[in-house]
Amino acid sequence: MYKKLTHSIIVKSIFMFMMTLYGFSAFGQKTSVKGTVIDATTKETIPYASFIITGSGKGGKTDVNGQYNITIEGNYTQLKFSYIGYKSQLRTVKPGIAQTINVQLQSEAMQMNEVVIKAAKRPPYRNKNNPAVELIRNVIANKSKNRMESYDYVAYKKYERMLFSMSNLSDKFKSKKIFRNYQFLFQEQDSTKIGGKNLLPVFQQEKLSENYFRKNPEKMKTVVIADKQVNFDEKFVDNQGLSSYFDRMYQDIDIYDNNISVVSNLLLSPIADGAPTFYKFFITDTIKTEQPQLIELSFTPRGKMDMLFEGKLYVTMDGNYAVQNAYLTVNKSINLNFVRGLEAKLEFEQNPDKRYHLSKSNLIVDFGITKKSGTGFTGERTVTFKDYTINQPPVDSIYKTAAPLVVVPDATQKSDEFWASNRPEALSLSSNRVYHNLDTLQTIPSFKRTLDIVTLFFAGYKDFGPFEMGPVNTFYSFNSVEGFRARLGGRTTTALSKRYYFETYAAYGVEDKKWKYFLSGTYSLNNKSIYAFPQSYVRASFQRDTKIPGQELQFVQEDNFLLSFKRGENNMMLYNDFYRVDYVREFENHFSYTVGLRKWSQTPAGSLYFNNSSETLFSRTNQINTSEISVNLRYAPHERFYQGKVYRTPLVDKYPIFNLRYTAGLKGVLGGEYNYHNFMASADKRFYLSQFGYTDVTLEGGYNVGKLPFPLLSIHRANQTYAYQLQSYNLMNFLEFVSDHYASVNIDQNFNGFFFNKIPLIQHLKLREVMSFKAMYGGLRNENNPNKNTDAMQFVRNTDGQTITHALDNGPYIEGSVGVGNIFKILRVDAVKRFSYLDNPGVSDWGIRARVKFDF
């Protein structure tokens, strides 16, 4: 602990003189003490035991493993250790020396030494006839009446503060040349707290809102009246997305929910309906000084690596069995990546009807590559609730707008005086300076250069002011048609204009000796960046390039270097000319639509060919020309995402995403050769299964109306790379299946280590089980099936004369996989098995696929 010394001028002078004369003084010296507190009889560690620096009134608690670590500043020489049910113990500290002091606390019951009874072993924990379990079951039974949803109306004000900092910084790091003149950026705190002594804040946000709940019909309304946050240069960071990302990781903690979201994972609440099955409960204290009387109820997971909390609840003994306070943490062995420490504290206040509402919550999470040492990141979110009113209907205007979240127009323009008078608690001087300090940090040339390098490495773009070049990972690739492919491109930025945007690239294939290029011009209709939400723009573009029929990738470019490596034969490609005009409009409620007009010419390349008739082997065409208009509708309620340089990265949550697309072919318009109507609909949803992890489900269906050549039908998503792709069929070959009507289901199950965590030795690897199942049923009407209609465009054959393109006329296509995730915390490896159409040429009935993913 660090104690601030207050002295008069004379005392300070004497002190400095003594330091100069002798080079040593007891005052100000630092003493590092660490150790473990255990039960003297059982030798088991004692978590959350208290210790105090005698004479200072300051101290702390041991962690979940009974360990402590403290730095004492001053000439204090004693530490006092105590825990309920044990005799306190004083231990002497040697000032100025790093030392280890292990403590054995004697149980109070051992004071009577006439009779000593020892059991051969501790009786096993049981739920039956356990008063702690009976108590928690009463808490569970009374959950409904202790929740906000039990009232007809609730209104309250809410203040949120999020602070994200680099943590556990060494003095060497702090003294680096880059920070030599910027020591004001650092904050110091008690070294026993999460994050360690030295912190470097990198992000801070405060938000004030008015919140309204109505039970019937149920609706929650939030009106944000003030919002203040650190804003980085938009060319490096999506500030809105960064805020959304932190909000997703640090959601409100509702102890009465069955599952509590923490760092994008769901942990079972200690008062969930099924909590007694997964937790152990112990009554550890009775607090009679409070009214109503409280019971301290400690809990711990039955398996230390399970995705569960441990900590304490304080339960009211007034018949309501409400939670009045809660302390939540996790075991250091939990299968939660990069988390060094986690603490959540909840405080509740009493309503006029004697029930309780949440008045304050504080969540701190410390992250690091390793769990023991080194620089990391610490995030702290504090939420305060006040001015609760219950069962008082608000004015009708509150619920007039459909959007659940409304931000007042001047929310981001509030003055410092407004914040000073509206914060429930004044910020510390150092916290108040974070905004100014980080604005100053962004002016440091070396910091700007660092951001530039990070942006190049992760986003793939190099900024040159009004123009940025990239993406870097597409500069070099190769395939069997083009051979070595070189590409160079870039786009304009807001530094040139907030209304007009241009994007271009040029590529050249060494084998086919052809140039490919792209050019687009975009006009922003809302005077915002076209990459910022909500989008509203018109774009015109032309593209001449290659494409693999049926290959659709998620969040990568087709000419990404890593996707150049493919299995099997993959020399069938298309040369495409696209002329497009698109209008895109998004709304705050995350409904969006796109209207597009496209002229498309496709020419076969490599071994791909278009054969118009089965009767004449060489009745081939060099080109298919279409003109079409399309409308895409998308609705993603409560969606949050991070906007990167190229793609939005969705922050997957429990809310569904719906898509509907209609495309009409226009014969005779701009050279179009076919009339047709295509319909496609899909729905995506994540289902959280508590201790069994989560399941991602995608349902999709499509229908094509019209007599069409197979390149205009639905060519199903195949994957011939060695990367596991979530939305593609990983053992299907390119162009293997086409349909004019189909329905599919895709299920991806992640168990989050539920089974591996219970296997000795393997549990320490912190692996996670994954499974998937994909099935697609579809077919071709006779008019589009060359096996039934000789006038239809023929399917492609290989050099041996075997048909390699097929209709789904022998039942559904099915594949599944089982795999291991979280290998080295970033890698997922699946063994994929194909169950149908195994006689098709060139197919594999099984394979190994890998996917890199950073996840908590």
Side-chain angles (χ1 to χ4, degrees), residues 1-7 28 30 56-60 69-74 159-176 178-208 226-232 237 239 242-243 246 250 340-341 343-345 360-368 375-384 412 414-444 446-447:
M1 298 293 282
Y2 293 88
K3 185 178 179 182
K4 296 182 179 179
L5 302 177
T6 58
H7 301 276
K30 298 178 181 179
S56 74
K58 296 182 179 180
N69 192 332
I70 187 171
T71 300
I72 304 172
E73 186 172 301
Y159 167 79
E160 307 166 62
R161 176 175 173 260
M162 176 73 207
L163 177 65
F164 207 68
S165 308
M166 293 182 66
S167 60
N168 201 34
L169 303 176
S170 65
D171 290 333
K172 182 179 179 181
F173 179 93
K174 185 178 176 181
S175 302
K176 285 182 180 292
I178 184 177
F179 299 115
R180 185 170 299 167
N181 298 321
Y182 301 96
Q183 294 298 302
F184 62 86
L185 294 170
F186 294 87
Q187 291 184 8
E188 288 195 1
Q189 66 171 4
D190 183 342
S191 61
T192 62
K193 291 184 177 179
I194 281 185
K197 174 188 172 185
N198 290 323
L199 300 177
L200 175 60
V202 295
F203 178 82
Q204 181 169 262
Q205 182 180 25
E206 296 178 276
K207 192 180 294 184
L208 281 167
D227 191 352
K228 182 179 184 179
Q229 75 172 71
V230 170
N231 284 305
F232 292 95
V237 178
N239 290 292
L242 190 64
S243 176
F246 289 144
Y250 289 78
R340 288 175 172 168
E343 285 185 0
K345 297 177 182 177
K360 186 175 182 179
S361 69
N362 179 258
L363 172 63
I364 305 177
V365 185
D366 186 42
F367 304 92
T375 300
F377 288 91
T378 298
E380 179 175 9
R381 183 171 185 258
T382 301
V383 185
T384 303
T412 59
K414 300 297 185 183
S415 66
D416 292 341
E417 291 75 17
F418 172 88
W419 282 102
S421 60
N422 283 275
R423 290 187 183 103
E425 297 178 4
L427 292 183
S428 66
L429 185 61
S430 57
S431 295
N432 212 11
R433 288 176 176 171
V434 168
Y435 299 108
H436 172 74
N437 290 350
L438 290 177
D439 286 342
T440 303
L441 178 64
Q442 294 184 70
T443 65
I444 303 174
S446 55
F447 179 77

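For the numbers below, each heavy atom of this structure counts, side chains included, while hydrogens, waters and symmetry mates do not.
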Do we see a donor-acceptor contact under 3.5 Å between the side chains of D366 and T378? yes

Under 3.5 Å side-chain donor-acceptor pair for E160 and Y250: no

Summary of salt bridge (Lys or Arg N to Asp or Glu O under 4.0 Å) pairs that have at least one residue in residues 429-438, sequence neighbours excluded: none

Taking only residues two or more places apart in sequence or in another chain, which ones pass side chain to side chain contact (heavy atoms under 4.5 Å, CB included) with [X]?
X: E380; result: N362, I364, T382
X: S428; result: S430, S431
X: A344; result: I253, L328, L363

Please find the pair of heavy atoms, one from [X] and one from [Y], that lie closest to each other, and give the distance.
X: Y159; Y: P424; value: CG-CD, 3.5 Å
X: L438; Y: P201; value: CD2-O, 3.1 Å
X: N437; Y: L185; value: O-CD2, 3.4 Å
X: K414; Y: A226; value: CG-CB, 3.7 Å

For the pair R161 and E425, find out whether any cationic side-chain nitrogen is under 4.0 Å from an anionic carboxylate oxygen. no

First locate atom [atom1] of [X], then atom [atom2] of [Y], and finally report the distance between them rounded to the nearest 0.5 Å.
X: D439; Y: F232; atom1: CG; atom2: CZ; answer: 9.0 Å
X: M166; Y: F367; atom1: CE; atom2: CZ; answer: 14.5 Å
X: S165; Y: N198; atom1: OG; atom2: CG; answer: 11.5 Å

Test of understanding: with ring-ring contact (aromatic ring centres under 6.0 Å, His included), list the residues that count as partners of F186, not counting sequence neighbours.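 In terms of ring-ring contact (aromatic ring centres under 6.0 Å, His included), with neighbours along the sequence ignored, F186 is linked to F179.
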
Contacts of F418 that satisfy ring-ring contact (aromatic ring centres under 6.0 Å, His included) - sequence neighbours left out: none

Side chain proximity check, [X] to [Y], heavy atoms < 4.5 angstrom:
X: T412; Y: Q229; answer: no
X: F377; Y: F203; answer: no
X: E206; Y: L208; answer: no

K345 atom NZ, over 12 foreign heavy atoms within 6.0 Å: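 No.
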
For side-chain contact (heavy atoms from CB on, under 4.5 Å), just list the numbers for K228 and D416, CA-CA rounded to whole Å, side-chain angles, deciding distance to a tenth of an Å, and then say yes or no. CA-CA 10 Å; K228 182 179 184 179; D416 292 341; 3.3 Å; yes

What do the steps show when you test R423 against N432 for side-chain contact (heavy atoms from CB on, under 4.5 Å), and what is the final call? CA-CA 12 Å; R423 290 187 183 103; N432 212 11; 4.0 Å; yes

Taking N231's backbone N and O only, do any of them form a donor-acceptor pair with Q442's side chain (distance below 3.5 Å, no angle check)? yes

